[in-house]
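Read through the structure below, which is laid out as structure tokens, and then see the notes.
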Amino acid sequence: MAETVQTLPAERRTEVLRQSWSVGIATGLYGISFGALSVAAGLDLWQTQALSLLMFTGGSQFAFVGIIGTGGLAAAPAAIATATMLSIRNGLYALQTRKFLDARGAKRLAAAQLTIDESTAVGLAQPEQPAQKLGFWHTGIAVFLFWNLMTFIGALAGNAMGDPKVYGLDGAAVAAFTALVWPRLASTTARLTAALAVALALVSSPLVPAGIPVLIAALAAVALGLRSAAHHEPPLEGEDGELPGSDPVP
Amino acid sequence: MSLTVAVLLACVLCFGTKIIGYLVPGSIVDGERVSRITTLLPVALLAGLIAVQTFGGDEGELVLDARVAALAVAALLLWRRANFLVVVIAGAAAAALVRLAGLG
């Protein structure tokens, strides 16, 4: 990134780095709750750490361990499908970030793994291309480091705690999912989607194996997505000019 | 399928969703309809998860227990614009306290 240093004034560089690392540290801290919930759901320390290292997309990680926690190994196919669908937005972010990253080969693989809500948001928030690049990489690396460190600490703490229900860890999972969906509920269409999804999940829950109700709930997005397209509503956007669907976790 | 295999498979597929954005021609996913559905997809999945994690019993039957308190406290705190970690810890505390009081 030598050319980045040359074309970006020192004060702008400092500004972008400060922004990137504060976002990275703040977001990475949430890894502690993921680590604790993951071991409470029955994953071991290494499986938990593998998710933070290799999956590295918070919503998908929480969903994966949540479904395994409810349905065990039998629910693994549903857990895998849900985690994958929640990660599709990262691919959409990549369509934006690739315009300023211009990464090839191994660097492109690294960029792909670091393409998450925060790195995309910080990158796109910069007006000039060298700063976009700098912001993306530093935010991605900062979140990656702290998210993984905190996952490890959370998993150790979770292992030491014993029966997770005594500490209300199942309540923590509910709260975490609520916090993840909250910023996405800015539009009426999003709220209707959530309401329909809840209804579909509750109605189907007694009838189908664990994990499947969440996949059935996904149909709400298809139904409301087609409906709103037909009504030509304005584009779906989050509050405060955030990316649509930006997460409080990676 | 062992749990480790499931973990690794999910990781590979999630990486696939990321890398594909760097490889495909942009026009494929630029459609308005597709982008609306993909924007709403996380909302539907997360809302569905909240529903089953709050009300789902061991056999998938619907139950009312301490987790409802966690949901209520979380929603209240988020409405008050609380931080993510605060919400998660308060959710755990609410469920634990209700259980301690013998109410579920």
Side-chain angles (χ1 to χ4, degrees), chain A residues 30 33 47 50 54-55 57 60 63-64 66 73 76 80 82-88 90-91 94-95 98 108 112 115 167-182 184 190 193-194 197-198 201-202 205-206 213-214 217-218 220-222 224-225 228-229 236 244-245 248, chain B residues 1 3-4 6-11 13-15 17-22 26 29 32-33 35-56 60-62 66-67 69-71 73-75 78 84-85 87-97 99:
Chain A
Y30 306 150
S33 53
Q47 291 161 343
L54 303 174
M55 186 179 280
T57 174
S60 298
F64 185 88
L73 198 51
I80 294 167
T82 305
T84 306
M85 283 199 285
L86 277 170
S87 182
I88 288 173
N90 295 316
L95 296 174
R98 71 181 190 185
R108 180 149 69 183
T115 303
Y167 301 94
L169 273 189
D170 49 350
V174 169
F177 287 124
T178 310
L180 287 173
V181 81
W182 198 268
R184 301 170 191 273
T193 304
V198 166
L202 292 181
S205 179
V214 180
V222 179
L224 272 294
S228 68
L236 306 166
Chain B
M1 177 167 23
L3 189 49
T4 300
V7 164
L8 294 177
L9 185 57
C11 290
L13 287 170
C14 283
F15 182 75
T17 63
K18 292 173 172 177
I19 191 73
I20 203 167
Y22 286 89
V29 282
E32 193 193 359
R33 188 170 291 186
S35 83
R36 279 176 187 282
I37 293 171
T38 49
T39 305
L40 291 173
L41 197 54
V43 175
L45 289 167
L46 291 168
L49 269 169
I50 293 168
V52 294
Q53 299 266 319
T54 307
F55 301 104
E61 79 283 13
L62 302 182
R67 294 171 296 175
L71 177 62
V73 167
L78 286 162
F84 182 85
L85 267 192
V87 172
V88 172
I89 292 166
L97 286 175
R99 224 164 253 147

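Just so it is clear, the model here is predicted, and its values are computed rather than measured. We name chains A, B, ... by the order of the sequence lines, and we start the count at 1 in each one.
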(request) Evaluate whether atom CG of B/Leu3 has more than 12 neighbouring non-hydrogen atoms of other residues, nucleotides or ligands under 6.0 angstrom away. (result) yes
Can you tell me how far the [atom1] atom of [X] sits from the [atom2] atom of [Y], to the nearest 0.5 Å?
X        : Y       : atom1 : atom2 : result
A/Thr193 : B/Leu40 : OG1   : CG    : 4.0 Å
A/Thr57  : B/Phe15 : OG1   : CZ    : 13.0 Å
A/Thr84  : B/Leu45 : OG1   : CG    : 10.5 Å
A/Phe177 : B/Leu49 : CZ    : CG    : 4.5 Å
A/Asn90  : B/Ile19 : CG    : CD1   : 12.0 Å

(request) Spell out, as yes or no, whether a donor-acceptor pair under 3.5 Å connects the side chain of B/Thr17 to the backbone of A/Ser87. (result) yes
(message) Looking at A/Asp170, is its backbone amide N or carbonyl O close enough to the side chain of B/Arg67 to form a donor-acceptor pair, meaning the two atoms are under 3.5 Å apart?
(response) no
Report the option among [options] that has the most heavy-atom pairs separated by less than 4.5 Å from atoms of chain B.
options                                : value
A/Ala173, A/Ala197, A/Ala172           : A/Ala172
A/Ala220, A/Ala201, A/Ala175           : A/Ala175
A/Leu202, A/Thr82, A/Leu169            : A/Leu202
A/Ala218, A/Pro213, A/Ser60, A/Ala76   : A/Ala218
A/Ala194, A/Ala176, A/Pro206, A/Ala112 : A/Ala112

(message) Under 4.5 Å from any heavy atom of chain B, what part of A/Ile88 do you find: side chain, backbone, both or neither?
(response) both
(request) Let me know if A/Tyr167 has heavy atoms under 4.5 Å from chain B in its side chain, its backbone, both or neither. (result) backbone
I'd like to verify something: which residue of [options] has the highest number of heavy-atom pairs under 4.5 Å with chain A?
options                           : result
B/Lys18, B/Gln53, B/Glu61         : B/Lys18
B/Thr4, B/Leu13, B/Thr38, B/Val43 : B/Val43
B/Ala69, B/Ala44, B/Ala74         : B/Ala44
B/Ala10, B/Ala93, B/Ala70         : B/Ala10
B/Cys11, B/Ala6, B/Ala47          : B/Cys11
B/Ile89, B/Ile37, B/Leu71         : B/Ile37

(request) Of all the heavy-atom pairs spanning A/Arg98 and B/Gly21, show the shortest one and how long it is. (result) NH1-O, 3.0 Å
(request) Please report the shortest heavy-atom distance between B/Arg36 and A/Gly225, naming the atom on each side. (result) CD-O, 3.9 Å
So which part of [X] gets closer than 4.5 Å to some heavy atom of chain A, the side chain, the backbone, both or neither?
X       : value
B/Ala75 : both
B/Tyr22 : both
B/Leu97 : neither

(request) Test B/Val87 against A/Thr178 for side chain to side chain contact (heavy atoms under 4.5 Å, CB included), laying out the working first. (result) CA-CA 9 Å; B/Val87 172; A/Thr178 310; 5.7 Å; no
(message) I'd like to know whether A/Leu54 forms a side chain to side chain contact (heavy atoms under 4.5 Å, CB included) with B/Val7, so could you lay out the CA-CA distance, the side-chain angles of the two residues, the decisive distance to 0.1 Å, and finally the verdict.
(response) CA-CA 9 Å; A/Leu54 303 174; B/Val7 164; over 6 Å; no
